[in-house]
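The structure under discussion appears below in the form of structure tokens.
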Amino acid sequence: MIALDNHPSGRHFLQIPGPSPVPDRILRAISLPTIDHRGPEFATLGKKVIGGLQQVFQTRHPVVVYPASGTGAWEAALVNVMSPGDHVLMFETGHFATLWQKMARRLGLEPEFLTLEGTDETGLPRSWRHGVQADLIEQRLRQDTTHHIKAVCVVHNETSTGVTSDIAAVRRAIDAAGHPALLMVDTISGLASADYRHDEWGVDVTVSGSQKGLMLPPGISFNAVSPKALEVAKTARLPKAFWAWDEIIEMNQGGYWPYTPSTNLLYGLSEALDMVLEQGLPVIFARHQRWGRGVRAAVQAWGLPTQCADARVHSPVLTGVITPQGVDADALRRLIHQRFDLSLGAGLGKLRGRMFRIGHLGDCNDLTLMAALTGIEMGFKLAGVPVAGSGVLAAMAYFAQTPAVDAA
Ligand SMILES: *Cc1c(COP(=O)(O)O)cnc(C)c1O
């Protein structure tokens with residue numbers, strides 16, 4: 001047999017910001033026998049997961065589930081509401097925003113990519129260290145008096161950088177400009193770990209995925225859809241068949257899909273939703289904020305900058321760490337993986353080799369994070385990277401002094 005699980009002893013430390021570790025409870029649910037996707041038991045499962053997803057997205061409107069990775073749900077969002085040549089306004093927050101923009105172009109749309117120009121003292125692009133600038137969006141929309149722009153597309157939790165964006169501020173910017181554009185948001189890595197409110201924030205289409213904050217394996221993804229987006233979809237002219245919302249939403253009324261859904265991943269989703277809703281979203285959001293603060297205490301003690309340069313928008317689910325000039329972050333990650341069986345996220349796109357990412361989302365606790373920080377600190381020592389002080393001690397002090405909100 002090919003050794004796919006090549007970890008000699010103990011658990012692998014999967015500390016990348018997605019896929020995140022899958023709890024045993026979810027793995028057991030996924031291992032149940034596959035059932036008839038047209039049978040009566042399935043309808044109960046289908047209705048339950050859609051209802052639970054609505055609670056997690058904080059919406060009263062439809063949530064569509066696709067058997068696809070997050071990239072599929074990105075495409076679904078665009079093809080359902082756009083027509084060939086439509087102008088969309090996007091914001092360069094990092095690698096994922098860049099990829100969504102490239103996809104829009106490949107689909108025959110005309111994306112305009114707003115950015116913060118230039119680099120800062122780290123030599124890295126400023127736009128990749130800050131969140132969406134709602135005032136720039138407002139300015140641009142005010143100039144668009146003919147309403148040429150059909151949608152504003154932004155990434156809520158930019159997984160390539162560890163920066164979140166203020167989605168409510170983007171909504172206010174669109175409204176202040178009196179512009180009818182749809183608001184489309186990617187929260188693939190934020191959902192169920194970082195605060196997100198589809199209805200309250202006036203989002204028209206929210207895109208998300210399974211393998212990050214929701215603690216599932218990769219393979220299913222979501223579109224939460226507002227009534228306005230459903231209306232626009234009726235006349236939008238990009239070709240859509242597999243991704244079309246209308247047939248899926250209609251079949252979902254009875255708890256079914258127009259094709260074979262990922263039955264076993266839906267078992268896992270049902271279990272994940274139970275876990276999330278039993279604990280309550282506010283407890284989960286606070287827990288991730290606290291982990292973020294503990295990890296940042298370590299990074300600060302090392303004397304290294306976080307990729308996020310704005311203290312108001314640190315991501316609660318991952319932290320990007322910029323390595324000193326001349327230190328190859330990828331070589332450091334390889335060493336840490338080899339020696340300690342700990343996986344860290346790579347610097348993507350424009351950040352390649354300059355930073356690494358620590359995931360603190362989904363199924364972790366203080367001690368898994370302490371272990372990850374220890375592995376990193378040992379890696380720094382082995383690689384001869386001088387750090388200012390002990391991040392492990394700083395994080396230990398933070399976690400010990402700051403009880404978790406749900407601590408008994
Ligand atoms: C992971 C991720 C994606 C891509 O999702 P896949 O499941 O890899 O297709 C897109 N956007 C963000 C913000 C992500 O974190």
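Quick caveat: nothing in here was measured; it's all calculated off a predicted structure. Numbering of ligands and ligand atoms starts at 1, following listing order.
Heavy atoms from both the backbone and the side chain of T71 come within less than 4.0 Å of ligand 1. Contacts with ligand 1 closer than 4.0 Å are made by side-chain heavy atoms of W74 only, the backbone lying farther away. Within the 4.0 Å heavy-atom criterion, the part of K212 lying near ligand 1 is the side chain and not the backbone. Only the backbone of N157 comes within 4.0 Å of ligand 1, judged by heavy-atom distances.
Side chain to side chain, R354 and Q307 fail the donor-acceptor criterion of an N or O pair below 3.5 Å. For the 3.5 Å distance criterion, the side chains of H179 and D144 qualify, holding a donor opposite an acceptor. In summary, the side chains of W100 and D186 do not present any donor paired with an acceptor at a separation below 3.5 Å, with no hydrogens or angles considered.
By the 4.5 Å heavy-atom criterion applied to side chains, Y398 and R296 are not counted as neighbours.
Note that CG of L183 and NE2 of H198 are 9.0 Å apart. Values are rounded to the nearest 0.5 Å. For the atom pair OG1 (T161) and NE2 (H95), the distance works out to 11.5 Å, reported to the nearest 0.5 Å.
Distances from ligand 1 to the non-hydrogen atoms of E158 include no value under 4.0 Å.
Interface of T159 with ligand 1, defined as ligand atoms under 4.0 Å from a residue heavy atom, comprises 12 (C), 13 (C), 14 (C), 15 (O). Residue S69 has at least one heavy-atom neighbour below 4.0 Å for each of these atoms of ligand 1: 6 (P), 7 (O), 9 (O). Every atom of ligand 1 with a heavy atom of Q211 under 4.0 Å away is listed here by number and element: 6 (P), 7 (O), 8 (O). Per-residue contacts place S189 under 4.0 angstrom from the following atoms of ligand 1 (heavy atoms of the residue considered): 15 (O).
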Report task. Start with the C-alpha distance between H314 and T319, add both sets of side-chain angles, then the distance that settles side-chain hydrogen bond (donor to acceptor under 3.5 Å, both in side chains), and finish with yes or no. Result -> CA-CA 8 Å; H314 279 297; T319 302; over 6 Å; no
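At the top of the distance list for atom 5 (O) of ligand 1, counting protein heavy atoms only, stands G70 CA, 3.6 Å. The single protein non-hydrogen atom nearest to atom 12 (C) of ligand 1 is D186 OD2, 3.4 Å, given as residue, atom name and distance.
The pair D274-K48 meets the salt-bridge criterion, with a side-chain N (NZ, NE, NH1 or NH2) lying under 4.0 Å from an Asp/Glu carboxylate O.
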